[in-house]
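What follows is a single structure, written as structure tokens, with notes after it.
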Amino acid sequence: MFGYVLVTMLELVNSTNALSQQQTSLNQSYKNYFLIGTAINAPQILQKDLKAAAIITNDFNSLTPENIMKSEIIHPKWDEYDFTLADKMVEYAQTHQLKVNGHTLIWHSQLPAFMKYMQSADSVKNFFVNHIETVARRYDGKIFSWDVVNEALEENGTLRKSIFLDKLGPSYISEAFKLAQKASPNAELYYNDYNIEQPKKRAGAIAIIKDLQSKGIRIDGVGIQGHWRYNKIPFKEIEESIIEFSQLGVKVMFTELDLGVLPNPWDSDAADVNMKATYSAKMNPYMNALPDSVQDKFTEGYESLFKLFIKYKDKISRVTFWGVHDGQSWLNGWPIKGRTNYPLLFDRKYQPKEAYFKLIALTNTK
Ligand code: XIL
């Protein structure tokens with residue numbers, strides 16, 4: 001709807017109107033390659049962030065709710081669901097012809113309070129079945145896909161010790177896919193996780209996919225979250241993962257892409273939402289602005305990454321950014337509260353960064 005006005009000096013001189021406008025759009029530029037998505041938050045769904053709304057409809061063709069379909073929000077009490085925001089989002093997506101990826105049915109984090117201290121396996125099983133059946137069925141035919149299971153693996157590739165593994169055993173993953181398939185036959189079904197580009201964790205994801213396939217249970221795709229650092233992007237592992245996952249016959253997606261620029265309090269690249277560290281000025285070095293040297297490397301990082309994605313465009317079905325603009329990014333609050341991060345393609349003033357234009361330019365060269 002609203003484009004970004006690119007006026008070069010040359011155009012100014014050449015143009016008979018003295019002003020020439022060029023409409024740019026990320027999703028239009030990538031339309032022959034893969035879907036381009038963004039995560040959206042509650043204010044954006046409620047149309048309280050109109051600047052973001054303009055970007056969403058101009059640059060993205062796919063939406064993932066950042067939080068509002070997580071069980072703590074959509075299923076707040078044992079026998080009570082709250083679909084208010086999810087319904088609004090689906091309506092918004094329909095109006096603007098955006099594909100929705102439901103995030104997420106089964107995840108150990110952001111669980112409803114009543115689940116936290118649940119002891120009985122029967123109760124966990126009841127929650128599990130009712131939750132998937134109710135939520136997946138409601139949106140069948142209305143949303144494009146589901147992250148059926150999110151983050152079921154430890155870094156070493158074994159199954160994560162979660163309430164689901166503990167109470168239901170390892171078959172909970174195939175059970176979740178079976179139930180989702182039954183409740184929402186029209187949705188694509190995905191496994192989603194961070195760091196599954198790393199060899200050990202990747203092997204765990206491959207084992208999950210093969211296990212489902214050997215049981216005749218449908219899995220359509222695998223989502224690599226993509227919470228990376230701008231100067232530590234694991235290109236080799238990403239490329240190997242695209243190849244290995246696609247060899248299993250599933251679609252490959254990058255589902256939560258952001259390139260953080262701030263120091264990491266630990267030696268790990270995990271994206272576990274439950275990890276926390278304490279604030280210090282040293283850990284928040286770019287409070288007022290990002291130095292050009294970092295900005296340039298950040299642009300280069302995105303460019304190299306998208307070159308790789310374009311190389312494998314026939315295997316990649318979607319690339320989703322985890323937020324519209326820097327001001328809303330979860331990386332301002334995680335793993336340390338109150339920092340200023342710069343991980344996305346649009347800045348705090350909703351302006352496209354150089355990286356945005358470079359990614360568009362990549363699609364103009366063959
Ligand atoms: C994050 C959201 O962005 C935050 O707003 C929320 O406080 C915590 O969760 N992996 C996922 C996402 O699968 O759901 C997480 O989203 C980021 C890591």
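Note that the structure is predicted; figures quoted are calculated from it, not measured. Note that ligands are numbered from 1 as they come in the structure, with each ligand's atoms numbered from 1 the same way.
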Steps toward side chain to side chain donor-acceptor pair (under 3.5 Å) verdict (Tyr312, Glu239): CA-CA 9 Å; Tyr312 290 100; Glu239 182 160 16; 2.4 Å; yes
Lys167 to Phe127, cation-pi by 6.0 Å centre distance and 45° axis angle: no
Intermediate values then yes/no, ring-ring contact (aromatic ring centres under 6.0 Å, His included), Trp322 and His103: CA-CA 12 Å; Trp322 204 240; His103 178 79; 5.4 Å; yes
Show the distances, to 0.1 Å, for all pairs joining an N/O atom of ligand 1 and a protein N/O atom that are shorter than 3.5 Å, listing one pair per line.
| from | atom 1 | to | atom 2 | distance (Å) |
| --- | --- | --- | --- | --- |
| ligand 1 | 3 (O) | Glu66 | OE2 | 2.5 |
| ligand 1 | 3 (O) | Trp322 | NE1 | 2.9 |
| ligand 1 | 5 (O) | Glu66 | OE2 | 3.2 |
| ligand 1 | 5 (O) | Asn67 | ND2 | 2.9 |
| ligand 1 | 9 (O) | Lys70 | NZ | 3.1 |
| ligand 1 | 9 (O) | Gln110 | OE1 | 3.2 |
| ligand 1 | 10 (N) | Glu151 | OE2 | 3.1 |
| ligand 1 | 10 (N) | Gln225 | OE1 | 3.2 |
| ligand 1 | 10 (N) | Glu256 | OE1 | 3.0 |
| ligand 1 | 13 (O) | His103 | NE2 | 3.3 |
| ligand 1 | 13 (O) | Asn150 | ND2 | 3.0 |
| ligand 1 | 13 (O) | Gln225 | NE2 | 3.2 |
| ligand 1 | 13 (O) | Glu256 | OE1 | 3.4 |
| ligand 1 | 13 (O) | Glu256 | OE2 | 2.8 |
| ligand 1 | 14 (O) | Lys70 | NZ | 2.7 |
| ligand 1 | 14 (O) | His103 | NE2 | 2.7 |
| ligand 1 | 16 (O) | Lys70 | NZ | 3.2 |
| ligand 1 | 16 (O) | Trp322 | NE1 | 3.3 |

Residues clustering with Met253 (ILVMFWY side chains joined when closer than 4.5 Å, directly or via others): Phe144, Tyr190
Qualifying residue, where the test is side chain to side chain donor-acceptor pair (under 3.5 Å) with Asp258 and the options are Trp228, Tyr342, Trp330: Trp330
Qualifying residue, where the test is side chain to side chain donor-acceptor pair (under 3.5 Å) with Asn101 and the options are Asp147, Asn192, Thr320: Asp147
